[in-house]
Each structure stands twice: as C-alpha cells, then as structure tokens.
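Worksheet: the structure to be examined is printed underneath.
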Amino acid sequence: MKPFLLVMLALAALSGCATNPVSGKQDFVMMSESDEIALGKKSDLDVRKEYGVYDSPQLQSYVDRVGQRLAANSHRPNLQYHFTVVDSPEVNAFALPGGYIYITRGILPYLGSEAELAAVLGHEIGHVTARHAVKQYTASTAANIGVQIASIFVPEINAPGGYDLVNVAGSALLSGYGREHELEADRLGSGYLARTGYDPHAMIDVLSVLKNQEQFDIQRAKEEHREPRIYHGLFASHPDSDTRLQQVVAEAATLQSSPHPVVGKRVYLEHIDGIVFGDSPSQGVVRNNEFLHAGLGIAIQYPAGWTIKNSPQKLIATNGDAAMAFGIAKFQSTPADFLTQRFGRGELSTFQSRDFSGAILAFSPRAEAAAIRMGDKLFVIIGSGKSSASFSLARPEIERTIRSFHTLSDSERKLAQGLRISVRRAVAGDTFERYATESPLGKDAAGYLRLLNHAYPDGEPHAGDEIKVVE
Ligand SMILES: [Zn+2]
C-alpha cells in the first residue's frame, strides 16, 4: 500500500477552497473535484489489489445498478460512480473520494432485501457527496503513518520488492468518520433512498442488524483470537433507540417518492444465493488457527492465541508483540540463496521434508526469515518482534510455525473449500436449532443463522419464508 500513502502525503500539501455539494458552502482545505477524482482513481487500484474483486459479474452489475439509481438522486448526480463488491469476509462498506464505493461480500449475507443494500450504498454515497473522505484524508494522514509504523516492526521487511505490511484497516475509511459525519451520511442516504423509491426506514433496519452482528461477533472474535467484523458506521446506542437517527430517517420519509416503496427481497436473495460466506477459498481459509489454501495446496499451523489477518496481498499473524508475514516470492533459486540475497548475512540453517526444502536466516536481532521451495514456488515467512526481547520470546513459536508448513491432507483440502450461502424455503416445524445441527458453523450456528435471517436473538422461521443457511 505504499503508493496509497504517498498519495495521501502529497495531499497534505494541497489546500484551497471548494464548494461543498451538500451544504452549498465554501469548504476550507479542500481539493478540486478533478483532484478528488484523480485521488479516488489512483487509490481504487490499491483497494482492488488489497481486497480483490469478488468474482461474480452478475452480482457486481446488480450492486452497480442499485447504486447508480441512488447516485442519480444524490447531491452530486453528475459525478461518475463506481460500485464494487470486494472479496472480503469483513462486514463493511466504504468510499474513496471521487465516487469510488465498495461493499464487502461479507456484509451481503446479513442484508435481507434490495432496500437494505440500497441503504448501505446510500450511506456511502452520502460520505462521497458530503466529501467526508476528502476532509478525512488530510486529517488522518498522520494517523495512517502511525498505523504503518506500528504494523511494521522491522524496517528491513519493507525493502524494495518486499512485503508491504501496511494495514489499510487502520484508516478512517474502514473505521468510520466520527459520530457527526456518520449521522450525516445516514441522513443523506435516507434521503436518497426515499427519492429512489425505497422506504428510508431500511436505514434503521440495516443498522440494527449490523449492530446485532457486531455484538455477536465481538464475543466470537474474542474466542477465536481475531479482530471482530464491525461495520464502520455504528455507535454505542442501538439504532432502534437512537433518537437522532430516528429523527433524520423520519425527515427523509417526507421525501418519499412512492406510496408503495420497493423492498426487493426476492430479487436480492436470488443474487446472493451461493455467495461465499466467511473466508474466501481463493484467498485461503483459517480454521483453528490453521491457514489452508486449496489453490496452493498448502497449510500452516499458527500458534494458539495469535490473530491472523488474511488478504490477497498478505497473510499476517500477530500476538501483539511479534508478527509473522507470509508471502510468495518470485525467485528461481534455492531458499538459502534467496534469503542471503534478500536479507543479507546472518545465522543460516536449512531443513528438508518429503515435499520441500527450506532455510531460515536470522538477519536481525529482532527478525528472521524462512524460505520454502515447493515445486516452482518459493514461500516466505518473516517473523519479527517489536524489540529483540519480544522476538526472542516469540522465536520458538515462530519456528514451530515455519516447520508446520505442509501440503494439504484430504480432510484439510475439504475444509479449504470454504462455505457458501444457500437460500431455501422453510416448512412447518422448522427451527434455527434444527438448521444448526446440519450447519458447518459449529457451536454458534443457531446465532449466526438467526442474524442472517433477521431473527436474532430468539426468532424462528415461519413456514413459507425464504431462509438463508450456510453450507
Ligand atoms: Zn459511514
């Protein structure tokens, strides 16, 4: 993500005045619209690279159609908007300046209708029309650099051609813009819903579902030692009892263009039937802290208690004081040659198994790197600590992880296929507990299924309902 940061740094030097499309007032310290679009376009490449685009042209064009209709009714109808479903299990949506809007495929299973999809997109369009990201970019530049330094314990790792460990999730894009901007995005989004023929109360429905999901996932994340999947626009109070939110939505309802608002449950469920749920098999899945990748045919067991963060660009595990980054290098030589050319001198050892040859190089008092050659691929694991003491402490775990590298067994290959959403019709007597017994989601299955079907915490399916299950 280096270019992304450079763009933001360059921005810090920009200043000037521009008219805010929503307020009509002059905004101080704002870039021109063409600079804004250029920034969005440039960063869009990084977002696509970081997350990957979800591979379903049909779903992409559906989301784009819904988004374009809303955008045409927004305060900036002449801006060219781009709506993209990114291949991330996170539950989120975000916007870059200039009309680049992203929704994760991870949020889609939790939405129940086209109106709710429109609510999420409308909220993001609100961030674009009110130019929140533009304001945030300059304000958050320093904070972003902080994130970068914190996530790269050892500077050598970031050498040319190496592994960028910048954590984009630390930026305001994903974590939200603060209460006032979020409420403004809800207000603007509700207005766009109303003018496009949807009921703006879908905004409250969506935020309520996502709030329930947040509370549920915080608990799961704690048990699974990962970061919770949290929608960026949520605040402490529950949306059902948030009086300011209720108020902005009620105001939007007076703009409603149609006495029969579009819900679009059937058409929405048709489009998400079969989408990936949770980790993406194409990016590798994590089960019990084991990383399994069907395409590469490999598995690595990470230590219990470490948090694993996976994206198409990198796989990073950390315990807070030490981190391990995993990647693939383009290098046609032996593991030992790669390590010494890439990291220089240090204590070098080699190891061997049936499937591969490997080497480990301790190239710094607080870091070591391993390279593993399997066929024409060279896998690289870099372990580092915040200090040499924390590295020494974590080193046995890092080396156990390196040596756990292996080719997938048959049962692991099956796990690596990942999970998908399937829509079925409930029959009389169905319960979520019964669905849960057939579900691969484990002990929390009933809770997940209720969340996915807007029946959390204790609802049950009604005969004839279309129900989302996970298979
Ligand atoms: Zn927001």
Check whether [X] reaches the backbone of [Y] with its side chain - one donor and one acceptor, N or O, closer than 3.5 Å.
| X | Y | result |
| --- | --- | --- |
| D465 | I467 | no |
| Q58 | H271 | no |
| H293 | L296 | yes |
| T104 | N92 | yes |
| K468 | P109 | yes |

Can [X] and [Y] be counted as an ion pair, charged N to O under 4.0 angstrom?
| X | Y | result |
| --- | --- | --- |
| E466 | R425 | yes |
| R105 | D55 | no |
| E270 | K265 | no |
| R287 | E412 | no |
| E214 | K211 | yes |
| E438 | R424 | yes |

Answer yes or no: are there more than 12 heavy-atom neighbours, outside [X] itself, under 6.0 Å from its atom [atom1]?
| X | atom1 | result |
| --- | --- | --- |
| Q80 | CD | no |
| D273 | CG | yes |
| E223 | CD | yes |

(Q) I'd like to know whether E124 forms a side-chain hydrogen bond (donor to acceptor under 3.5 Å, both in side chains) with H232, so could you lay out the CA-CA distance, the side-chain angles of the two residues, the decisive distance to 0.1 Å, and finally the verdict. (A) CA-CA 11 Å; E124 294 308 321; H232 73 272; 3.2 Å; yes

So [Y] and [X], do their side chains get closer than 4.5 Å, heavy atoms only?
| X | Y | value |
| --- | --- | --- |
| L207 | M203 | yes |
| L79 | V128 | yes |
| V85 | V53 | no |
| R187 | H123 | no |
| L452 | I421 | yes |
| L292 | E290 | yes |
| L451 | D217 | no |
| Y302 | L315 | yes |

Q: For the pair V209 and V206, evaluate side chain to side chain contact (heavy atoms under 4.5 Å, CB included) and give the outcome as yes or no after the intermediate values.
A: CA-CA 5 Å; V209 168; V206 148; 5.9 Å; no

Q. Between T196 and N73, is a side-chain hydrogen bond (donor to acceptor under 3.5 Å, both in side chains) present by the stated rule, with each step listed?
A. CA-CA 7 Å; T196 311; N73 288 316; 2.9 Å; yes

Between [X] and [Y], what is the ring plane arrangement, given parallel below 30°, perpendicular above 60°, and tilted in between?
| X | Y | result |
| --- | --- | --- |
| F83 | Y81 | parallel |
| H132 | H127 | perpendicular |
| F277 | Y448 | perpendicular |
| F94 | Y102 | parallel |

For residues [X] and [Y], report the shortest heavy-atom separation together with the two atoms involved.
| X | Y | value |
| --- | --- | --- |
| P461 | D430 | CG-O, 3.5 Å |
| E182 | G233 | OE1-CA, 3.5 Å |
| L39 | P97 | CD2-CG, 3.7 Å |
| T401 | P303 | OG1-CD, 3.3 Å |
| A446 | A436 | N-CB, 3.7 Å |
| S74 | I125 | CB-CG2, 3.8 Å |

Can you see whether [X] engages [Y] through a side-chain donor-acceptor pair at a distance of less than 3.5 angstrom?
| X | Y | answer |
| --- | --- | --- |
| D240 | S208 | yes |
| Q256 | Y198 | no |
| Y54 | T84 | no |
| H454 | D205 | no |
| E114 | Y62 | yes |

Measuring from [X]:[atom1] to [Y]:[atom2], what's the distance to the nearest 0.5 Å?
| X | Y | atom1 | atom2 | result |
| --- | --- | --- | --- | --- |
| L415 | L408 | CG | CG | 9.5 Å |
| F432 | T437 | CZ | OG1 | 13.0 Å |
| I103 | E90 | CD1 | CD | 14.0 Å |
| I101 | L70 | CD1 | CG | 9.0 Å |
| R229 | I218 | CZ | CD1 | 13.5 Å |
| S237 | L245 | OG | CG | 8.0 Å |

Q. Going through the distances and angles, do V380 and I382 end up as a side chain to side chain contact (heavy atoms under 4.5 Å, CB included)?
A. CA-CA 7 Å; V380 181; I382 301 165; 4.0 Å; yes

Q: Take E36 and R76, measure what salt bridge (Lys or Arg N to Asp or Glu O under 4.0 Å) needs, and give me the verdict at the end.
A: CA-CA 13 Å; E36 184 190 340; R76 297 177 81 182; 3.1 Å; yes

Q) Could you walk me through whether D64 and Q68 pass the side-chain hydrogen bond (donor to acceptor under 3.5 Å, both in side chains) check? A) CA-CA 6 Å; D64 188 64; Q68 297 297 348; 3.1 Å; yes

Q: Test salt bridge (Lys or Arg N to Asp or Glu O under 4.0 Å) on R450 and E433 and set out the steps.
A: CA-CA 10 Å; R450 286 192 166 101; E433 296 296 339; 3.5 Å; yes

(Q) Please identify which of these residues, S258, S113, P261, S190, meets the side-chain contact (heavy atoms from CB on, under 4.5 Å) condition with D199. (A)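 The option that passes is P261.
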
Q: Start with the C-alpha distance between L210 and I107, add both sets of side-chain angles, then the distance that settles side chain to side chain contact (heavy atoms under 4.5 Å, CB included), and finish with yes or no.
A: CA-CA 9 Å; L210 296 175; I107 200 174; 3.9 Å; yes

Q: Check step by step if ring-ring contact (aromatic ring centres under 6.0 Å, His included) holds for Y456 and F216.
A: CA-CA 10 Å; Y456 191 78; F216 182 80; 5.8 Å; yes

Q: Carefully, step by step, assess M324 and I316 under the rule side chain to side chain contact (heavy atoms under 4.5 Å, CB included).
A: CA-CA 6 Å; M324 282 182 262; I316 294 173; over 6 Å; no

